[in-house]
Amino acid sequence: INIINGYMRKKKITFGLRRRVRKYLEYIWEEGKSQNQEEVTEIISSLSDSLKENLLLEANGKSLRHMKMLMKNFSEEVLRRTVFIMKEERLMPGDMIFGKDDYHDSSLYLIRKGEVNVVFLTKDTDPADYNVLRKLQRGEVFGDKAFFTGRPRTFEVVSADFTTLYKIDRKEFLKILEDFPTDKETFHLIKTQLERSDHTKLHTKCRSCSRTDHSLDLCPWLHCKFIK
């Protein structure tokens, strides 16, 4: 930290940015004291295939249980393989996870640590003064609609804290389904239902009003309040 502080002083970096850099490095340091991800990955890769599989199943499988839309719709073998494509991401407060109309990333996300804000921006909205529609915390899942439909995102999601996420890439998940025709059919059934505004297969509630017959982007209460 002393080295980067000296660099930022020499380059006359603004106080606000210097503070963000220091906070992030402190967060990485604290995380690293309990888990050095590179060393963990190297050690896991050195294990036998059987031990590696059992270790990842137990470690990531606990988090996968929070994803009801996967647990309740797909076979055990698909879920076992999904554990191996779960990636970890670390974010600073204010980091954009994805933006409205973003179609490049259709991943499914689970919050392992920290919290994020689902926000609404218009062309006239100051990015620093956005409307927070919903705060999501540890154990909550987001990004499910784009994950199944492949359509652009309908809201922005921004990290509200030093946050760690699990991420399941849509393309990698679809590759798994190629070996399981019944599961692939289920996936496309959910996609079709969502395109018809039927959200029953997601096993989730609207994050605005808690009803189960629509998603956040179609919430009547939300449209009355923000989207006029």
| Side-chain heavy-atom pair Val116, Ile111 within 4.5 angstrom cut-off | yes

| message | Would you say that more than 12 heavy atoms from the other residues, nucleotides or ligands in this model lie under 6.0 Å from the NZ of Lys135, or not? | response | yes

| query | Would you say the side chain of Leu202 lies within less than 4.5 Å of the side chain of Leu194, judging by non-hydrogen atoms? | reply | yes

| message | Test your reading of the model: is there a side-chain donor-acceptor pair from Asn117 to the backbone of Val119, 3.5 Å cut-off? | response | no

| field | Between CD1 on residue Ile97 and NZ on residue Lys167, distance to nearest 0.5 Å | value | 10.5 Å

| field | Interatomic spacing from CZ in Phe142 to CZ in Arg153 - rounded to 0.5 Å | value | 8.0 Å

| message | salt bridge (charged side-chain N to carboxylate O under 4.0 Å, His left out) for Arg20 and Asp95? Distances and angles first, verdict last. | response | CA-CA 11 Å; Arg20 290 188 69 207; Asp95 282 353; 3.6 Å; yes

| Heavy-atom distance under 4.5 Å between the side chains of Met69 and Lys201, does that happen here? | no

| request: Flag the pair Glu178 / Leu174 as yes when at least one side-chain heavy-atom distance between them is below 4.5 Å, and no otherwise. | output: no

| said: Under the rule for side-chain hydrogen bond (donor to acceptor under 3.5 Å, both in side chains), what residues qualify as partners of Ser75, not counting sequence neighbours? | reply: Asp183

| Shortest non-hydrogen separation from Arg18 to Ile13 and the atoms involved | CD-O, 2.9 Å

| said: My understanding is that only one of Asp169, Leu70, Thr82 makes a side chain to side chain contact (heavy atoms under 4.5 Å, CB included) with Leu108; could you say which? | reply: Leu70

| CA sep, side-chain torsions, deciding dist, call: Lys145, Arg151, side chain to side chain contact (heavy atoms under 4.5 Å, CB included) | CA-CA 8 Å; Lys145 192 169 183 179; Arg151 291 187 172 184; over 6 Å; no

| said: In terms of relative ring orientation, are Phe74 and Phe187 parallel, tilted or perpendicular, with 30° and 60° separating the classes? | reply: tilted

| query | Below 4.0 angstrom, N of the basic side chain to O of the carboxylate: do Glu140 and Arg134 qualify? | reply | yes

| said: Donor-acceptor check, side chain of Asn60 to backbone of Lys62, threshold 3.5 angstrom: yes or no? | reply: no

| How long is the span from the CD atom in Gln193 to the NE2 atom in His199, to the nearest 0.5 Å? | 10.5 Å

| Could you state the interatomic distance from NZ (Lys100) to CD (Glu156), rounded to the nearest 0.5 Å? | 7.5 Å

| query | When clusters are formed by joining ILVMFWY residues with side-chain heavy atoms under 4.5 Å apart, either directly or through shared neighbours, do Phe180 and Leu189 land in the same one? | reply | no

| said: If I compare all heavy atoms of Thr149 with all of Lys191, which pair ends up nearest, and what's the gap? | reply: O-CE, 3.4 Å

| Counting only heavy atoms not in Glu185, do more than 12 fall under 6.0 Å of its CD? | no

| said: Is the terminal nitrogen or CZ of Arg170 (NZ for Lys, CZ for Arg) located under 6.0 angstrom from the six-membered ring centre of Phe147 and within 45° of that ring's axis? | reply: no

| request: Check whether any side-chain heavy atom of Phe162 sits under 4.5 Å from a side-chain heavy atom of Lys113, and report yes or no. | output: no

| field | Neighbour count above 12 (heavy atom, 6.0 Å) for Tyr103 OH | value | no

| query | Salt bridge or not for Lys184 and Asp179, using N-O below 4.0 Å? | reply | no

| Taking all atoms of both residues into account, what is the closest heavy-atom pair of Leu79 and Leu64, and its distance? | O-CD2, 3.5 Å

| request: Quick one: pull up CD in Glu88 and CG in Leu110 and give me the separation to the nearest 0.5 Å. | output: 10.5 Å

| task | Could you tell me whether the side chain of Glu172 reaches within less than 4.5 Å of the side chain of Lys87, counting heavy atoms only? | result | yes

| task | Indicate the atoms forming the closest heavy-atom contact of Val157 with Met96, along with that distance. | result | O-SD, 3.7 Å

| field | side chain to side chain contact (heavy atoms under 4.5 Å, CB included) assessment of Asn73 paired with Ile190 | value | CA-CA 9 Å; Asn73 288 305; Ile190 296 173; 3.7 Å; yes

| Flag for Thr163-Asp161: side-chain donor and acceptor within less than 3.5 Å | no

| message | With side chain to side chain contact (heavy atoms under 4.5 Å, CB included) as the criterion, how do Met92 and Ser159 come out once you've worked through the C-alpha distance, each side chain's angles and the decisive distance to 0.1 Å? | response | CA-CA 7 Å; Met92 284 184 63; Ser159 177; over 6 Å; no

| Distance from Arg81 atom CZ to Glu76 atom CD, nearest 0.5 Å? | 13.0 Å

| task | Considering non-hydrogen atoms only, spot the tightest contact between Ala146 and Ser106 and give its length. | result | O-CB, 3.6 Å

| query | Does Lys68 pair with Asp144 as a salt bridge, N-O distance under 4.0 Å? | reply | no

